[in-house]
Amino acid sequence: MRQVMKFAAAMSVAAVALAACGSSSNSGGTSGGAATSGGTSAAGLKVGMAYDVGGRGDQSFNDAAAAGLDKAVKELGVQSKEAAATNGEAESARQERLQQLIDAGYTNVVAVGFAYAKSVGAAAKANPSVKFAIVDDASPDSAGSNVDQITFAEEQGSYLVGAAAALKSKVNHVGFVGGVNTDLIKKFQAGFQAGAKAVNPNIVIDVKYLTEPPDFSGFSSVDKGKAAAEGMYQGGADIVYHAAGGSGGGVFTAAKAAGKLAIGVDSDQAKTAAADVRDVVMTSMIKKVDVGVYDFIKSISDNSFKAGNKVFDLKAGGVDYSTTGGKIDDIKSKLDDYKAQIIAGTIKVPTTP
């Protein structure tokens, strides 16, 4: 199997772009050697990052993962190499991407997004000495003795921004734009709706998904995000929350044009979105993918790697809401009360709409 994957990867070098970004160790040593399976020297670690559709620069999910990698490069002195998925690619392309990183000597690999589940599972079995992490998947498809499955309680963070939307809406009408109609994105929707209805049981909540699997372009289509949000604002909503990756840029553009507000996701998008639309971001549901990625890399550097599913929830600080811009300062105490109840278990947040 490994030889087949290596051959396929070699044949597709021209088709799958890998962007290298080397670094030197902060301790002054070199980082030119490939990491051993034990990962005893941080300066010797070589980490490959395989992004989801949109890649580095999506201002959201992929950039959150990139932030964790960048921290490891800066603080641990690791070397990194990056690659990104493309819209509509076959499963074989994801497998080839992972194997190319491994064959290039990057024997600690992070796969960003649940779409890599089967590819990570196959690559992990074919390369038992390589350490893998996958973000947003804990299925049997990706499980293995050398796989760290990093997941989050997205519904909990979404509950808080849902409550914020209901508290700040002037018309009791809000919206949710999901990138792709999957179980994962439905967790965002479920939490958002539950939080909004906890504040106002009669609030109107519009819901729109940009694409259906296996079409994952809903995470990287600014035009689709813009059109969906425009329809909601024109229909009466004054705040729209997106869980749509790079498509969220279109939601912000629509909010700006309508003179309305939006809620970001994954990163604090009042800081990461295009400068001309940051002022429409009321808050963001922060999903600390950077923490999960960095913890994986650090666990290898200090020989504490453990396979299995790690869940980053509110209690663990894995999800939260942002306050950049001061637009929700007046309701922060109410949101923090909801947050405390979720952590205490008094509020049980649903994971399905």
Side-chain angles (χ1 to χ4, degrees), residues 1-21 46-58 60-66 69 80-144 146-150 179-185 210-222 224 244-247 289 293 296:
M1 170 64 75
R2 188 175 189 282
Q3 293 300 320
V4 171
M5 293 178 70
K6 288 178 67 175
F7 176 76
M11 293 298 292
S12 63
V13 166
V16 183
L18 296 175
C21 52
K46 300 181 77 172
V47 179
M49 177 80 84
Y51 293 111
D52 203 350
V53 173
R56 181 190 281 268
D58 72 346
S60 186
F61 178 58
N62 287 297
D63 274 359
L69 178 63
S80 64
K81 198 176 189 76
E82 304 174 21
T86 58
N87 283 327
E89 68 181 13
E91 181 69 32
S92 59
R94 288 187 284 273
Q95 292 186 17
E96 290 164 10
R97 184 174 299 111
L98 298 178
Q99 193 63 50
Q100 280 188 298
L101 290 168
I102 295 165
D103 291 342
Y106 293 80
T107 51
N108 306 284
V109 178
V110 181
V112 185
F114 61 84
Y116 281 100
K118 291 183 179 180
S119 297
V120 165
K125 289 180 177 64
N127 302 273
S129 65
V130 175
K131 302 286 195 303
F132 293 86
I134 182 168
V135 180
D136 279 353
D137 185 73
S139 71
D141 286 339
S142 65
N146 53 338
V147 181
D148 180 2
Q149 296 174 310
I150 302 169
V180 182
N181 191 357
T182 64
D183 288 344
L184 173 65
I185 305 304
L210 303 182
T211 61
E212 299 285 332
D215 179 2
F216 290 94
S217 65
F219 290 132
S220 60
S221 177
V222 173
K224 289 178 181 176
S247 300
V289 177
V293 169
F296 162 69

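We count residues from 1, following the sequence as given.
- To the nearest 0.5 Å, the span separating OG on S119 from CG on L98 amounts to 6.0 Å.
- Annotation: the span from F216 atom CZ to T211 atom OG1 amounts to 7.5 Å, rounded to 0.5 Å.
- Judged purely by atom type and a 3.5 angstrom limit, R94 uses its side chain to pair as donor or acceptor with the backbone of A115.
- Of all heavy-atom pairs spanning V293 and M49, the tightest one is CG1-CE, 4.0 Å.
- A heavy-atom distance below 4.5 Å is found between the side chains of F61 and V112.
- A donor-acceptor pair under 3.5 Å is absent between the side-chain atoms of Q99 and the main chain of A123, judged by distance alone.
- Here the side chain of N62 pairs no donor or acceptor atom with the backbone of G57 at under 3.5 angstrom.
- Taken to the nearest 0.5 Å, the OH atom of Y51 stands 7.5 Å off from the CG atom of D63.
- For the atom pair T86 OG1 and D52 CG, the distance stands at 10.5 Å (nearest 0.5 Å).
- Within the model, atoms CG of D183 and CZ of F114 stand 9.0 Å from one another, a figure rounded to the nearest 0.5 Å.
- At least one side-chain heavy atom of T182 sits under 4.5 Å from a side-chain heavy atom of P213.
- When every heavy atom of N87 is checked against every heavy atom of S217, the shortest pair comes out as OD1-CA, 3.4 Å.
- When all heavy atoms of Q149 and A143 are compared, the pair lying nearest together is NE2-N, 3.4 Å.
- The two residues S247 and L210 come nearest to each other via the heavy atoms CB-CD1, 3.6 Å.
- Contact check for V120 versus V147: side-chain heavy atoms found under the 4.5 Å cut-off.
- Shown here for V53 and S220, the closest heavy-atom pair between the two residues is CG1-OG, 3.1 Å.
- Between E91 and K118, none of the side-chain N atoms (NZ, or NE/NH1/NH2) sits under 4.0 Å from a carboxylate O, so this pair counts as no salt bridge.
- Distance alone, capped at 3.5 Å, is enough to place a donor-acceptor pair between the N146 side chain and the A124 backbone.
- Remark: I134 CD1 to F296 CZ distance equals 11.5 Å, nearest 0.5 Å.
- Using a distance-only test at 3.5 Å, with no hydrogens or angles considered, no donor-acceptor pair links the side chain of N108 to the main chain of V47.
- Of all non-hydrogen atoms in N181 and E212, the two that sit nearest each other are ND2-OE2, 3.2 Å.
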